[in-house]
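Working notes, structure below.
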Amino acid sequence: MSQIAYFNNAATTYPKPEKVYTFADKFYRETGVNSGRGQINSASKLTTLTRQMLLELFHAKNKKVVFTPSATEAINVILRGLPLTDNCTVYVSPFEHNAVIRTLHYLQGIYKLNIITLAVDETTLKYDVEKIKYQFSESTPNLVVMSHGSNVCGVVAPIQKICTLSHGYGAINVIDMCQTAGLIDTDISGSIYDFVVFAGHKTLYATFGIAGFICNGDIILEPLIFGGTGIDSANLDVPDTIPERYEVGSQNILGIAGLYAALEWNKEIGISNIYAKEQASHDKLLNILKKYDNIKVIMPADDVLAVGVVSCVFDGYSSDNIGQILSEQGVEVRTGLHCAPTAHKFLGTFPAGTVRFSVSYFNTDEDFEKLDEALEYIHENS
């Protein structure tokens, strides 16, 4: 079977660094036990080290790490655990994932939330900070939820500017960094960031089944799940301590081992070097896509920061048809709405969706050659 040219990294980065595979396998074979559930403490030590490395990556040693099986669960733990009240005003970006939108939709039925979309220019896809200032002055924010990087078009939100503004109103700020954690060097040590969500299997280059959030611990959430924590077992209430309050049940030690190895790899290569290589691949991707007059590329203006996620529409074909043709040509992409229907409504690509190409540190020249050949085949047969 010939090698697949993989351009679906926004779903999950692939391949992973070799040390992620080898370390996770070795650790699980030799010490595949519970963290904090026995006398063998290698798993507990690894879990503690992994938390410390995450905080170091985010320049946030003053904060706490909570592990969850997925970023979706992390978002649910946060949003459903917040002390919301009736008629709260919630701001979201136009690019939110269904993990946010569906959870807020559920909560809107309980609290009658006033949900407002942050101002973004529809042509350039640039966040309009001046208009956002006006929005906040007109309707005081209680909660702001933003994707740092869009999983549809790659646009990066100016989170520091917006969170500084909303923090001034006393709002709670929740940042989804699933597409940027480990890729864009971001200091989240400040009090303007209440909760920052990460997913191990995306730009952190770890395995599935490990994600979570980083918080300052000032806001106590109502637990989403109840159960054993390994401490204070005689107490029928879950502990108030973090992370135990939100980490009931056995931890995914295999996932944590993979994340530990991925964080070591990130430190060895250097986050700035990972980002530079991803941006170079992003440029290669755009140069190839722009060659073809049958492809409409949906992307922010040149002066707007973006990660290597690009959506496209092909003349005369649905996104699913193009996805099938590319698959037959040995190219892996994502088609449809990418679990972000509000983004597609904003971009004018709803309900058909787009063909999404997304790059990683590990894309090769051969990948781009195969992609170019597949696009040339589609162009010639259109």
Side-chain angles (χ1 to χ4, degrees), residues 47-68 70-85 88-93 96 99-100 103-104 107 118 136 140-149 157-178 180-182 184-200 204 210-225 229 231 237-248 251 256 259 263 271:
T47 302
T48 299
L49 283 172
T50 306
R51 294 189 208 274
Q52 291 171 352
M53 291 176 73
L54 273 169
L55 294 178
E56 182 181 342
L57 177 69
F58 285 103
H59 311 282
K61 292 182 179 180
N62 57 322
K63 297 196 174 185
K64 300 176 185 295
V65 174
V66 175
F67 287 128
T68 59
S70 69
T72 296
E73 185 168 316
I75 289 167
N76 271 265
V77 169
I78 296 164
L79 296 183
R80 293 173 65 181
L82 286 172
L84 300 177
T85 57
C88 278
T89 297
V90 181
Y91 284 87
V92 296
S93 84
E96 296 310 309
V100 170
T103 306
L104 288 177
L107 292 171
L118 293 165
F136 287 173
T140 301
N142 301 114
L143 171 64
V144 176
V145 187
M146 276 185 291
S147 288
H148 189 206
I159 57 173
Q160 184 176 12
K161 291 180 180 179
I162 297 172
C163 288
T164 298
L165 290 172
S166 56
H167 183 74
Y169 288 92
I172 296 169
N173 291 321
V174 180
I175 306 301
D176 174 356
M177 288 190 66
C178 288
T180 57
I184 296 180
D185 195 3
T186 308
D187 185 335
I188 64 163
S189 61
S191 59
I192 61 172
Y193 304 112
D194 296 294
F195 299 94
V196 172
V197 176
F198 62 89
L204 284 168
I210 188 66
F213 61 90
I214 297 171
C215 64
N216 53 29
D218 294 339
I219 300 170
I220 301 300
L221 306 171
E222 281 298 310
L224 181 67
I225 303 172
T229 57
I231 66 168
D237 293 319
V238 292
D240 290 330
T241 54
I242 300 172
E244 291 82 9
R245 184 173 179 83
Y246 315 118
E247 287 186 356
V248 299
Q251 289 296 306
I256 291 172
L259 179 56
L263 291 167
I271 189 170

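All values derive from a computational prediction rather than experimental measurement.
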Determine the sole option in L82, D176, V77 for which the side-chain contact (heavy atoms from CB on, under 4.5 Å) test with F195 is passed. L82

Which word best sums up how the rings of F198 and F58 line up, parallel for under 30°, tilted for 30 to 60°, or perpendicular for over 60°? tilted

Closest approach of A71 and V197, non-hydrogen atoms and distance? CB-CG1, 3.8 Å

Check whether any side-chain N or O of N173 sits under 3.5 Å from a backbone N or O of D194 as a donor-acceptor pair, and report yes or no. no

What one should report as the nearest heavy-atom pair of K63 and C215 is CB-O, 3.2 Å

Determine, step by step, whether T89 and Y169 satisfy the side chain to side chain contact (heavy atoms under 4.5 Å, CB included) criterion, reporting the C-alpha distance in whole Å, the side-chain angles of both residues, the deciding distance to 0.1 Å, and the verdict. CA-CA 12 Å; T89 297; Y169 288 92; over 6 Å; no

If you measure from CG on L79 to CD1 on I172, what distance do you get to the nearest 0.5 Å? 10.0 Å

Separation between CZ of R80 and CD1 of I78, rounded to the nearest 0.5 Å: 13.0 Å

Kindly indicate, with the supporting measurements, whether the criterion side chain to side chain contact (heavy atoms under 4.5 Å, CB included) is fulfilled by Q160 and Y193. CA-CA 9 Å; Q160 184 176 12; Y193 304 112; 3.4 Å; yes

Give me the atom names and distance for the closest heavy-atom approach of L143 to V145. CG-CG2, 3.9 Å

Grab the two heavy atoms, one from P141 and one from V144, that are nearest each other, plus how far apart they are. CB-CG2, 4.1 Å

Would a 4.5 Å heavy-atom cut-off, applied to side chains only, mark L107 and L84 as touching? yes

Pairwise distance CD1(I184) to CD1(I159) - rounded to 0.5 angstrom: 8.5 Å

Rounded to the nearest 0.5 Å, how far does NZ of K61 lie from CD of E56? 5.0 Å

What pairs with T180 under side chain to side chain donor-acceptor pair (under 3.5 Å), at least two apart in sequence or on another chain? H148

For I188 and A60, which heavy atoms make the closest approach, and how far apart are they? CG1-CB, 3.8 Å

To the nearest 0.5 Å, what is the distance between CG on N76 and OG on S70? 8.0 Å

Does the pair N62 and S189 meet the rule for a side chain to side chain donor-acceptor pair (under 3.5 Å), with working shown? CA-CA 7 Å; N62 57 322; S189 61; 5.0 Å; no

When rounded to the nearest 0.5 angstrom, what is the spacing between CZ in F67 and CG in L54? 5.5 Å

List the atom of I219, the atom of Y246, and the distance in Å for their closest heavy-atom pair. O-OH, 4.2 Å

With a 3.5 Å distance limit and no angle check, can you tell me whether E96 reaches the backbone of S147 through a side-chain donor-acceptor pair? yes

Kindly indicate whether the side chain of I175, heavy atoms from C-beta on, has any atom under 4.5 Å from the side chain of F213. no

All salt bridge (Lys or Arg N to Asp or Glu O under 4.0 Å) counterparts of D240, not counting sequence neighbours: R245

